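A short worksheet on the structure shown next.
Every chain is numbered from 1, with letters handed out A, B, ... down the list of sequences. These figures come from a predicted structure and were not determined experimentally.
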Protein chains: 2
Amino acid sequence: MRQRKVTLADIAAKTGYGTNTVSLALRGSTRISQAARDLIRGVADEMDYVPNKIAASLVLNRSNTIGLILHEITNPVLTSVAHMVQKTLGKHGYSVLFASSNGDPEEELKAIAAFRARMVDGLLIYPIAHSKLDHLKALRRNNFPTVLLIHTDATGIDAVGIDERKGAFDATNHLIERGHRRIGTLGPSFTSTVGNVGKLQGYRDALEAAGIAYDPTIVSIPIDHSIEASVHAMDELMAQDDAPSAIFATSDLTALAALRWAAKSNVKVPEELAIVGFDDTDYVAQATTPISSIHNDVEQLATEAVERLLFLIANKELLPPAETRTTPGRLIIRESS
Amino acid sequence: MRQRKVTLADIAAKTGYGTNTVSLALRGSTRISQAARDLIRGVADEMDYVPNKIAASLVLNRSNTIGLILHEITNPVLTSVAHMVQKTLGKHGYSVLFASSNGDPEEELKAIAAFRARMVDGLLIYPIAHSKLDHLKALRRNNFPTVLLIHTDATGIDAVGIDERKGAFDATNHLIERGHRRIGTLGPSFTSTVGNVGKLQGYRDALEAAGIAYDPTIVSIPIDHSIEASVHAMDELMAQDDAPSAIFATSDLTALAALRWAAKSNVKVPEELAIVGFDDTDYVAQATTPISSIHNDVEQLATEAVERLLFLIANKELLPPAETRTTPGRLIIRESS
DNA sequence: TTGTAGGCGTTATCAT
DNA sequence: ATGATAACGCCTACAA
């Protein structure tokens, strides 16, 4: 005995108006008399009318929904991005379909397909790998508004992201200025993980500028994204003969791991080991030894990405040339360095 | 010069079949000859056909989309829930609309309205307050499948959540067994925040069982969700004459704050101050001093919630009586206690 | 095995 | 100021 959903027709029947009048009235059209509008509005509320946007989407050819795909939702930075994106889009009347690709290209493709089938008006995506952008460029070629949430030098696709290269440069350079010559780095797979390509570059840039030779034996890559794996990686890194005196951690998570390693190894931070992280989350700012980190303005990033996406959506008939925007980070110096 | 979207009719025209045959063929109906199916499938792929699920939703009266509303996405536990929920639902062919209410009841209502208008088949929600469940119960009364992601004793609404009361009891009791009699607690607003109502109860249960008087002066409530605010709260809490020798932190975030406070105050953990957290995230497990915490099986929670929701959706014509499920946590003892 | 007709709830166009 | 009609793209009858 399930009550059918209330439709425009039901309200029309009850008020004596046509469905079309009801539709206009509920959307506040001045073409309808004030009296009629009030009456209709009242009856609609009374009947607990919920407009069916899906039906509207069909005729308007616009769903007022966008898709957000992140490659890893556990990451606190991406989490903030998700939050800001949803908040900003909500203000513009958009809802957001969310999916986490979890590092699996297959999942990413599935999510894209699912979202497209649901007629999302556009896509914000933090892709899995820098090198695998072709399918996303293809979307754009099909006039499908898409914005990457990363910084990339790739062309033919819009992107707004953090300037990892510069951030990494600043972090490394700061350690050099503190007198360190042997600077290790700790972070997930530099080649495959988006973002870290740039970070490795920035790290090398800084070394080169200071005339320090790049040494791959102190570039450490944890086996997975857990802190534990990074602590492990530290174990091996620091067991070397010529162990680093400073660590540039490419994420706050690995920075915390470095700190943890120091604690359990009775190594003093920053006296015996300096640490700089990346992203400046609460966790490093308020770690037992507050850790220096590169602060990135997630709010600005999210806002700009949303703006760009909405712009693309508004111009989807003839997409403007792809653009890349970058938001710089800034180094926050704390006790760890 | 925008190419229209490919529809069933387009494929029909190109293959010479009717739209209906094409529809059946693409869905793999055996009513269509194998040859026709292959042909149609091929042409569809060639034309890059993307089925319009929105149109299908309209006729099927089912969107294969559910809404997920969290009251705070920054929280690592809720983040994991979001991830698991999306992953599990994805396997069942559902997409998830996401919104963060950010602790604002107004936002929560807006999100619910937006999702209903988009015809979600059901709702998973981590509500803002225990006390404000009436609007959610109303949804259920209107045969709208809804599952709360919290543990609650409220009736008339489905819920699956962590047993906060028991977890808090175990945490507090553990500290008592370690010989502590003066146990403070640190966590966001016990009365308004969902979950913490139960935690305060469990804390008091344990005290009572041990014959320790409950003392509200050592129940500390940080001003917001930042670690910094909790460190501040610790400052005040520990400045008291009869300061606690142990802290039950109602979240891992506050546990980390307690640890941070100890570090900057040169207080030894666990010798001078014992700490137990709640949720057992990586951050406490791998803190400089690994912190004891209540581990909760987020994966199981998410799976059960999704299962229940799908069950409700399948029976939405006549919803079964509301049920509450609870998943117990377990204490993980580490160096902090 | 395939085609035809009708309708899902909304909006836009064109009348009145 | 309001109403009738035709879409939007798909699916489920029912027919052939």
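A/N52 has its CG atom 7 Å from the P atom of C/dG9, to the nearest Å. In this entry the distance linking CD1 of A/I40 with P of D/dG3 reads 8 Å, nearest Å. Nucleotide D/dC8 holds its P atom 20 Å from the CG atom of A/L8, rounded to whole Å. Atom P of nucleotide D/dG9 and atom CG of B/L58 are separated by 12 Å, given to the nearest angstrom. Between A/L60 atom CG and D/dC8 atom P there is a gap of 13 Å when expressed in whole angstrom units. Across the protein-nucleic acid pair, B/K53 atom NZ and D/dC10 atom C1' stand 12 Å apart, rounded to whole Å. The separation between A/K5 atom NZ and C/dT10 atom P is 11 Å, rounded to whole Å. For the pair A/L24 CG and C/dA12 P, the computed distance is 8 Å after rounding to whole Å.
Minimum atom distance to the side chain of A/N20 is reached by D/dG3, of the listed D/dG3, D/dC14, C/dT10. Among the nucleotides C/dT11, D/dC11, D/dC14, the one closest to the side chain of A/A56 is C/dT11. Closest to the side chain of A/Y17, out of C/dG9, D/dG3, D/dG9, is D/dG3.
Between B/R27 and D/dT12 there is a side-chain polar atom (N or O) within less than 4.0 angstrom of OP1 or OP2. Note on A/S23: a side-chain N or O is less than 4.0 Å away from OP1 or OP2 of C/dT11. Contact annotation: B/R31 does not reach the phosphate of C/dG3 (side-chain N/O to OP1 or OP2, under 4.0 Å). Regarding contacts with the backbone of D/dC10, a side-chain N or O of B/Y49 is found under 4.0 angstrom from either OP1 or OP2. For A/S33, a side-chain nitrogen or oxygen approaches OP1 or OP2 of D/dT2 to under 4.0 Å. For B/T7 and D/dG9, the shortest distance from a side-chain N or O to OP1 or OP2 is not below 4.0 Å. For C/dG3, the OP1/OP2 oxygens have a side-chain nitrogen or oxygen of B/T21 closer than 4.0 Å.
A 4.5 Å side-chain heavy-atom check between A/H71 and A/L78 finds at least one atom pair inside the cut-off. Counting only heavy atoms from C-beta outward, the side chains of A/I11 and A/Y17 never approach each other to under 4.5 Å. The side-chain heavy atoms of A/R325 and A/H151, taken from C-beta on, include no pair separated by under 4.5 Å.
Residue contacts for A/A9: at a heavy-atom cut-off of 4.0 Å it reaches no nucleic acid atom on any strand shown.
Under a 3.5 Å cut-off, the side chain of B/D158 and the backbone N or O of B/A322 do not form any donor-acceptor pair.
Rounded to the nearest 0.5 angstrom, A/F311 CZ and A/E307 CD are separated by 11.0 Å.
For the pair B/Q34 and B/A55, nearest-nucleotide mapping onto DNA chain C gives the more 5' position to B/Q34.
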